[in-house]
Protein chains: 2
Amino acid sequence: MTDINTRPASRATIEDVAAAAGVSVATVSRALRGLPNVAAATRSRIEDTASRLDYRPDPAASRLAAGRSRTIAVAVPVVNTWYSAQVVAGVEAVCSEAGYDMILMSVGIDASHRRRLDAKAALDRRVDGLVLVDLAITDDEIDSLIGSKLAVASIGPRLGRMSTFGIDNVRVGEVATRHLLDLGHTRIGLIGEDTVPVFEFEVPGQRLTGHTRALEQAGIEPDPELIAFGEFAIDGGYEAFDRLMAMDDPPTAVFALADEMAFGALQRARELGIDVPDDVSVIGVDDHPVAAVVGLTTIHQDVSEQGAHAARAVLSALDGTDTELVHETSPVRLIERATTGPRR
Amino acid sequence: MTDINTRPASRATIEDVAAAAGVSVATVSRALRGLPNVAAATRSRIEDTASRLDYRPDPAASRLAAGRSRTIAVAVPVVNTWYSAQVVAGVEAVCSEAGYDMILMSVGIDASHRRRLDAKAALDRRVDGLVLVDLAITDDEIDSLIGSKLAVASIGPRLGRMSTFGIDNVRVGEVATRHLLDLGHTRIGLIGEDTVPVFEFEVPGQRLTGHTRALEQAGIEPDPELIAFGEFAIDGGYEAFDRLMAMDDPPTAVFALADEMAFGALQRARELGIDVPDDVSVIGVDDHPVAAVVGLTTIHQDVSEQGAHAARAVLSALDGTDTELVHETSPVRLIERATTGPRR
DNA sequence: CTGAAAGCGCTAACAC
DNA sequence: GTGTTAGCGCTTTCAG
């Protein structure tokens, strides 16, 4: 006594649809994927049948047969940072619209190869493409990824053999430091990440380069003492700022390589009774939403847009639409707020 | 002239391993998955062979044959919020350790059924389990998810037929408001989310309930005028605070249902020249890292831990380890900082 | 303890 | 324009 409303106990397969529509599975497959060589009438009949049967192709079967998973991964150093969340949001929006799944994986900040190799194994045949976020990666590793015919794009550092999306970090350093210079500051502290010294290729190193360049252009000898490292987060900025202020001759301005580090600096300043900007100016990078709250002067960048661009690059590489590498640089701009002021 | 170091051009399959180890594919499959009924010697020989060949099972093939994907999804309303990022970090850590992939999907905050149904279709046979974050979902929707034999857990609202992880949001509202009451405040504003009025089941509604209850216990008639809604983010808090302060008789204390809304309130207060806490006290919820920076009094909760717990619940349900539903309530505690003070 | 064989549900030649 | 068929690489009875 099968009720006409009875929904199938088990999912409808392509064969069910084929049988119900009176065609072969091959035709169903073609019709539903929008492939050519299907009569319009046949196609719409199949579409109707499929939706009536609530048919949805089994992703695993389709992946196995076609060799594509319609899934891309985004690999971030750490998941729960503002920056990562922005990138991921951008990637996710694009994936979701394109009908792709997005796998998120953290690879850790420790340079240990273990994690990276794990990542490679984890990626193998699971995903069609990959968005690398702020990951310093060796050429060999890149080759091995590309060799497994993954479509890859990177956000952050400019890697050689893949499309990259980011900002001009040297320029960021110059703009920030020049802003401080223009305000009359000459002793400028820098708060950055205590990273492995592969400066050329990493974001913090590039910002430092810009900083140093701006200093030199102003005829100021960069003082290594004025560089304080800490973890790339609020606490790191807090501690680095503390160290800077404990100097005999502390800087009158501080350039934090990220807003979150600047927040830590502001927190410590308040605790120490140091007035910002009267006693010391502070500038950050990112334009984190909280920057407006605390009045932080900063360099704005649109991170989630970079994520979206990278995702689109990966998807179009998979389509075969767009094969050539691009290196896209998003605009940045100085946002003057209340934490920077003239040297007193 | 095959070099002994030549890596296979195409991936090694289970057949390659079987041939190289001189056993059948069935035995390889058993051995590598740790199943019983494999002689120890055979097993280790197979393991060696597999690693020598750099063999990794094809996830799609294994998924198709076994019907399990070793993937779970986490569905969040919006990706790029602090709260989501915390949850996702917790889930990701657990998944990564268990060898599961994690798909992240945003389902949007609009109550439109379209997105939810899309989500269901997107999940179908792609994932073994699902972590729902702060999603108000109907019983029918739950049933349809569970019916597709997904292991489901939820973070935030306490849903009936699945394990849930969260905090006691009514209590959060009570604690926050009582803190303000203890400070002598009687006109207490509330800044919350302009949500659909399914109060009972949603986080903001529960906090509001606690707030109201605390007021009533103190013999204070809740005044609807003192409730200001806005989007659940900095801007929403900014605008809601602004409206509150524009009243003829503005509150002397404000309870923001989330730290990010409180940040917006603080920003607007600064712009208006309103001193916090001398003119108005502000308390939030979450203990966002920036709360310490701006000295925000708040209610602490550990969000990423909730994510980790939910992920473990899903995984153990998949293992069959742990079948019964749990409703776990994480502790919260008041963190008194500088934005609340006695009524003047 | 091990092997043979039948699928899992779909895609992609290739034939008609 | 449509159908037939041979896999994709694994898991899982069922024999032995």
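These figures come from a predicted structure and were not determined experimentally.
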Side chains of A:R312 and A:S316: is there a donor and an acceptor less than 3.5 Å apart?
no
Whole-Å gap separating P (D:dG16) and CG (B:N37):
18 Å
Using a cut-off of under 3.5 Å, enumerate the N/O to N/O pairs linking the protein to nucleotides 10-13 of chain D.
{"from": "D:dC10", "atom 1": "OP1", "to": "B:Y55", "atom 2": "OH", "distance (Å)": "2.8"}
{"from": "D:dC10", "atom 1": "OP1", "to": "B:D58", "atom 2": "N", "distance (Å)": "3.1"}
{"from": "D:dC10", "atom 1": "OP2", "to": "B:I14", "atom 2": "N", "distance (Å)": "2.4"}
{"from": "D:dC10", "atom 1": "O5'", "to": "B:Y55", "atom 2": "OH", "distance (Å)": "3.4"}
{"from": "D:dT11", "atom 1": "OP2", "to": "B:S29", "atom 2": "OG", "distance (Å)": "2.6"}
{"from": "D:dT12", "atom 1": "OP2", "to": "B:R33", "atom 2": "NH1", "distance (Å)": "3.1"}

Apply side-chain contact (heavy atoms from CB on, under 4.5 Å) to A:E97 and list each qualifying residue two or more places apart in sequence or on a separate chain.
none
5' to 3' contact window, DNA chain C with chain A (heavy-atom distance under 4.0 Å):
C:dG9 to C:dA13
Taking A:T49 for its side chain and A:R45 for its backbone only, find out whether a donor-acceptor pair lies under 3.5 Å.
yes
Side-chain donor/acceptor of A:T81 to backbone N/O of A:S84, under 3.5 Å
yes
Might you confirm whether atom CZ of B:R161 has over 12 heavy atoms from other residues, nucleotides or ligands at distances under 6.0 Å?
yes
Assess whether a salt bridge exists between [X] and [Y], defined as any Lys/Arg side-chain N lying under 4.0 Å from an Asp/Glu carboxylate O.
X     : Y      : result
A:D54 : A:R56  : yes
A:R70 : A:D101 : no
A:D58 : A:R11  : no

